[in-house]
2 protein chains.
Amino acid sequence: MPRVQLTREDVLDAATRLVVQHGPQDLTMRKLAAELGTAVTSIYWHVGNRESLLDALVERTVQEMGALVPRGRTPVDRVVSVARALRRELRARPHLIAMVHERGLTERMFLPAQQALVHEVHAAGLRGARAAGVVRAVQFQVVGHVLVERNRERSPVQSPAEADLWSPDLAEHDPALARALARPADPERVFVVSVRALVGALLGAAAG
Amino acid sequence: MPRVQLTREDVLDAATRLVVQHGPQDLTMRKLAAELGTAVTSIYWHVGNRESLLDALVERTVQEMGALVPRGRTPVDRVVSVARALRRELRARPHLIAMVHERGLTERMFLPAQQALVHEVHAAGLRGARAAGVVRAVQFQVVGHVLVERNRERSPVQSPAEADLWSPDLAEHDPALARALARPADPERVFVVSVRALVGALLGAAAG
DNA sequence: ACCTGAACACCGTTCAAGT
DNA sequence: ACCTGAACACCGTTCAAGT
């Protein structure tokens, strides 16, 4: 792609490409310069330094996580639909999401979703501090689940260790449970079941 | 501390000290050598390379997260007590926990807790795949919450952004909620409320 | 306003040589 | 078996000099 003059956007685009493919540890200023066909030091003029560059990528990611449209009839259904949409968005950009997490901005990225949650909690008849508590609980739950799930996917030794731990004692006592825990979890299912249970409990308990 | 001969344990101890204080990015082989009063290359004889050294620190951390004693009378109380104990352990070693997370070993670290959870779910009368589902849901919930909480603590711009988002529209519509969300969350409270709600819902629903 | 190459301080790692 | 210093390839960053 020929280019008259290097811009900040050019740098961010090339950097995003490298990070999405191989993760941030593979983004060196020298590789990036080679990719852009410029001197290493030109990059510094446009983005300051490496840390600011990564910050800019993270900021972009946070911005892109736009508003989400809830679907379904009941508040519980609609909250679950927001949660599932969030999960999908996050899973499409694992490296960038990890960087957002490292910088402590995960929660800020979730602010649009928080607005949707407030709307649904209101629809369920809750107000004030009580409603805020429910919103926070759901938010922690969804964000947390996605982080754990990412973690699980990268883990190389998970299932064997789990199987090792369970096989002797438990296999005899409750073999079906041992088998179920030895199998890899279906995260989508765990996710939906948990969110539904939590939201149902918190909205139901307060409404009733 | 004078020392006749450098051992692998000496290296791990010194490395742990550096990581606990300033995080892994501050652990360089040269600083570590200075700390130990040896040549940089001696370290390589004992631990291979930097990556293996960090892996060893992570492995140690995972091992130290020993068995946990549940307290309380009902299964729900006992699960909540395990969850709170885990939370406390993790918060004492933030940098090391982040490293465990980066290596995808968070779940393996939670295996002892998983055993305790299985015991309580059994006590509540659940068996087999159904019990496994509850164990997994609680595990995701607890691990996820701790990760999110760590994240929140490091975030510098959380509350202002949150306040900005809420002040115009919502302050009028539900000022108490806006105030509640503008205040920093009490994570301990969110944690206990969520775990209790989830466990209550999953155990209660299946038992009844 | 934008780009460049040279130079600096730092890094992890290898290796041949010591005891 | 354990330790060492020299050397290598790589890194982010600064800076004076160019246009």
Side-chain angles (χ1 to χ4, degrees), chain A residues 1-61 95-96 98-100 102-104, chain B residues 1-61 95-96 98-100 102-104 154 156:
Chain A
M1 46 197 84
R3 162 177 29 77
V4 179
Q5 193 181 308
L6 189 66
T7 69
R8 185 182 156 86
E9 290 305 303
D10 292 330
V11 175
L12 295 186
D13 289 343
T16 300
R17 242 176 288 132
L18 286 176
V19 166
V20 165
Q21 282 175 25
H22 306 104
Q25 78 286 353
D26 232 58
L27 174 68
T28 75
M29 302 304 267
R30 284 170 163 87
K31 273 189 201 167
L32 186 53
E35 181 91 356
L36 288 163
T38 57
V40 192
T41 43
S42 301
I43 299 172
Y44 284 81
W45 199 93
H46 288 284
V47 299
N49 56 26
R50 184 173 185 273
E51 200 52 33
S52 312
L53 171 56
L54 293 182
D55 287 346
L57 296 190
V58 164
E59 190 55 37
R60 245 197 193 180
T61 306
H95 288 306
L96 284 168
M99 288 165 62
V100 173
E102 280 157 25
R103 279 163 179 73
Chain B
M1 44 195 87
R3 161 177 30 79
V4 180
Q5 195 182 306
L6 189 66
T7 69
R8 186 181 155 87
E9 290 305 304
D10 292 330
V11 176
L12 295 187
D13 288 344
T16 300
R17 242 175 290 133
L18 287 177
V19 166
V20 165
Q21 283 175 23
H22 306 104
Q25 77 286 351
D26 232 59
L27 174 68
T28 74
M29 302 303 268
R30 284 172 164 87
K31 273 189 201 167
L32 186 53
E35 181 92 354
L36 288 163
T38 57
V40 193
T41 43
S42 301
I43 299 171
Y44 283 83
W45 198 93
H46 288 284
V47 298
N49 56 26
R50 184 173 186 274
E51 200 53 31
S52 312
L53 170 56
L54 292 182
D55 286 346
L57 296 189
V58 164
E59 189 55 36
R60 246 198 192 178
T61 306
H95 288 306
L96 283 168
M99 288 165 62
V100 172
E102 280 157 24
R103 279 163 180 72
R154 276 178 311 163

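None of the values given here were measured: they were computed from a predicted structure. Each chain gets a letter, A, B and so on, in the order the sequences are listed, and its residues count up from 1.
- Here B/T28 lies in heavy-atom contact (under 4.0 Å) with sugar-phosphate atoms only.
- No donor-acceptor pair closer than 3.5 Å links the side chain of A/H46 to the backbone N or O of A/V11.
- Here the C1' atom of nucleotide D/dA1 and the CZ atom of B/R8 are 16 Å apart, to the nearest Å.
- Spacing between atom CD of B/Q5 and atom C1' of D/dA1 amounts to 8 Å, rounded to whole angstrom units.
- Heavy-atom nearest nucleotides on DNA chain C were determined for A/I43 and for A/R30, and the one closer to the 5' end corresponds to A/I43.
- In this structure, B/Q25 atom CD and D/dC11 atom P are separated by 20 Å, rounded to whole Å.
- Spacing between atom CG of A/L53 and atom P of D/dC11 amounts to 15 Å, rounded to whole angstrom units.
- Listed candidates were C/dT14, D/dC2, C/dT4. Nearest to the side chain of B/W45 is D/dC2.
- A 4.5 Å side-chain heavy-atom check between A/L18 and A/D26 finds every atom pair outside the cut-off.
- Distances shown here put a side-chain N or O of A/S42 below 4.0 Å from the OP1 or OP2 atom of C/dT4.
- In this structure a side-chain-to-backbone donor-acceptor pair under 3.5 Å is missing from A/D13 to A/D10.
- To the nearest angstrom, P of D/dC2 lies 16 Å from CG of B/L36.
- When the side-chain nitrogen and oxygen atoms of A/H46 are compared with OP1 and OP2 of C/dC3, one or more of them lie within a distance under 4.0 Å.
- Once rounded to the nearest 0.5 Å, the distance linking CG of B/L96 with OG1 of B/T61 reads 4.0 Å.
- Here C/dG12 presents its P atom at 7 Å from CE of B/M29, a figure rounded to the nearest Å.
- When both pairing distances are held under 3.5 Å, C/dA1 makes a Watson-Crick or G-U pair with D/dT19.
- Classification of B/E9 and B/R60 as a salt-bridged pair holds, one side-chain N sitting under 4.0 Å from a carboxylate O.
- Look at OH on A/Y44: it is 14 Å from C1' on C/dT4, rounded to the nearest Å.
- Pairing for D/dT13 goes to C/dA7, judged as Watson-Crick or G-U wobble with the two contacts each under 3.5 Å.
- Distance CG (A/L27) to C1' (D/dT13): 15 Å, rounded to an integer number of Å.
- Distances shorter than 4.0 Å separate none of the side-chain N or O atoms of A/T38 from OP1 or OP2 on C/dC3.
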